[in-house]
Amino acid sequence: QKEVEQNSGPLSVPEGAIASLNCTYSDRGSQSFFWYRQYSGKSPELIMFIYSNGDKEDGRFTAQLNKASQYVSLLIRDSQPSDSATYLCAVPSGGSNYKLTFGKGTLLTVNP
Amino acid sequence: DTAVSQTPKYLVTQMGNDKSIKCEQNLGHDTMYWYKQDSKKFLKIMFSYNNKELIINETVPNRFSPKSPDKAHLNLHINSLELGDSAVYFCASAYSYNEQFFGPGTRLTVL
């Protein structure tokens, strides 16, 4: 099993809909989880991080963590065309909190 | 006021040449990273330094040599460039093992 897996997409949603992005990880010892957004030709930027089981909300973004199922998701409510980007899930792995392993990313397109 | 900066932004060179990429952060972070993002957009860690000490050294050809003269700088030198080295190289920094902040990237093209 790959260390961090994401549904590769592409995922296409209409403007105003909820976009749901999923990520599973293999290292049960992972304690922190990060979601990055990367626009085409740009660098990744952090949009959410979560450490505890449950939901964490920040504006239109909600991160959901289930450590028992080794699953972390990102929900984007009221999706906007400006949300169109690749979303990368990142999890510490290899026994080091310093080493982030990134998923391959999910390309999201929000259609006006 | 740029947080993490890299130079150059673009680098086009011939196979066999040696080149360097520089990275600087003004966030006061103690940890810096080099990542490689290939044509399929897969982002993979290469090296990490914490307080100028190498703490992560992934399976990278020894043609790649990082150097951290101080906590705010991390450079990457690449010897004998090969076609497969063409990619975007990102520098990132963090305070300890917290959230990482990325630089704008250096697009390396080897001809």
Side-chain angles (χ1 to χ4, degrees), chain A residues 2-11 21 23 25 27 29-52 56 58 61 63 72 74 84-109, chain B residues 2-7 9-10 21 23 25 27 29-60 66 68 71 74 87-107 109:
Chain A
K2 293 179 184 170
E3 291 183 81
V4 181
E5 291 201 64
Q6 295 182 247
N7 43 341
S8 59
L11 175 65
L21 304 157
C23 174
Y25 59 94
D27 187 346
S30 297
Q31 296 294 317
S32 52
F33 306 86
F34 303 89
W35 282 101
Y36 284 82
R37 176 177 63 200
Q38 186 173 24
Y39 291 113
S40 181
K42 300 295 186 183
S43 58
E45 59 174 322
L46 181 73
I47 53 171
M48 289 284 286
F49 61 88
I50 186 166
Y51 299 125
S52 304
K56 179 182 178 183
D58 184 1
F61 297 93
V72 57
L74 179 70
S84 298
T86 296
Y87 289 81
L88 303 165
C89 172
V91 180
S93 63
S96 169
N97 284 324
Y98 290 90
K99 179 185 169 185
L100 278 188
T101 296
F102 283 78
K104 291 195 173 182
T106 299
L107 176 62
L108 171 67
T109 301
Chain B
T2 304
V4 184
S5 59
Q6 294 179 230
T7 53
K9 190 169 173 61
Y10 300 97
I21 307 171
C23 178
Q25 55 93 6
L27 296 167
H29 290 161
D30 57 3
T31 308
M32 296 185 73
Y33 301 82
W34 278 114
Y35 286 88
K36 177 181 181 180
Q37 190 168 47
D38 59 25
S39 57
K40 294 185 178 179
K41 307 300 183 189
F42 186 41
L43 191 63
K44 192 165 165 45
I45 190 167
M46 301 172 70
F47 303 103
S48 177
Y49 275 76
N50 174 257
N51 286 312
K52 301 195 298 175
E53 281 195 40
L54 183 66
I55 58 170
I56 296 173
N57 185 353
E58 290 295 283
T59 310
V60 176
S68 181
K71 285 197 304 183
L74 179 61
V88 180
Y89 292 84
F90 287 104
C91 175
S93 75
Y95 179 67
S96 189
Y97 45 79
N98 293 304
E99 313 83 82
Q100 296 181 22
F101 294 85
F102 285 77
T106 296
R107 182 174 294 276
T109 303

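Throughout, protein chains are lettered first and strands after them, A, B, ... in sequence-line order, and every chain is numbered starting at 1. These figures come from a predicted structure and were not determined experimentally.
- The aromatic rings of Phe102(B) and Phe90(B) sit perpendicular to each other, their planes meeting at more than 60°, with 30° as the lower class boundary.
- At a 4.5 Å heavy-atom cutoff, the contact between Ile45(B) and chain A is made by side-chain atoms alone.
- Glu45(A) does not touch chain B: none of its heavy atoms, backbone or side chain, sits under 4.5 Å away.
- Ranked by heavy-atom pairs under 4.5 Å with chain A, the first of Lys41(B), Glu58(B), Lys44(B) is Glu58(B).
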Start with the C-alpha distance between Leu100(A) and Tyr35(B), add both sets of side-chain angles, then the distance that settles side chain to side chain contact (heavy atoms under 4.5 Å, CB included), and finish with yes or no.
-> CA-CA 10 Å; Leu100(A) 278 188; Tyr35(B) 286 88; 3.8 Å; yes
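- In this structure, the side chains of Tyr87(A) and Met48(A) stay at 4.5 Å or more apart for every pair of heavy atoms.
- For Phe33(A), no part sits under 4.5 Å from any heavy atom of chain B, backbone or side chain.
- Looking only at distances, a side-chain donor or acceptor of Gln25(B) sits under 3.5 Å from a matching main-chain atom of Lys71(B).
- For chain B, the nearby parts of Tyr98(A) are the backbone and the side chain; heavy atoms of each come within less than 4.5 Å.
- Contact of Phe102(A) with chain B is made through backbone and side chain together, with heavy-atom distances under 4.5 Å.
- Both the backbone and the side chain of Lys99(A) come within less than 4.5 Å of a heavy atom of chain B.
- The cationic group of Lys56(A) lies under 6.0 Å from the six-membered ring centre of Phe49(A) and within 45° of the ring axis, placing it in a cation-pi geometry.
- Only the side chain of Gln37(B) comes within contact range of chain A, with heavy atoms under 4.5 Å apart.
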Trp34(B) and Ile21(B): side chain to side chain contact (heavy atoms under 4.5 Å, CB included), yes or no, with the steps?
-> CA-CA 10 Å; Trp34(B) 278 114; Ile21(B) 307 171; 3.6 Å; yes
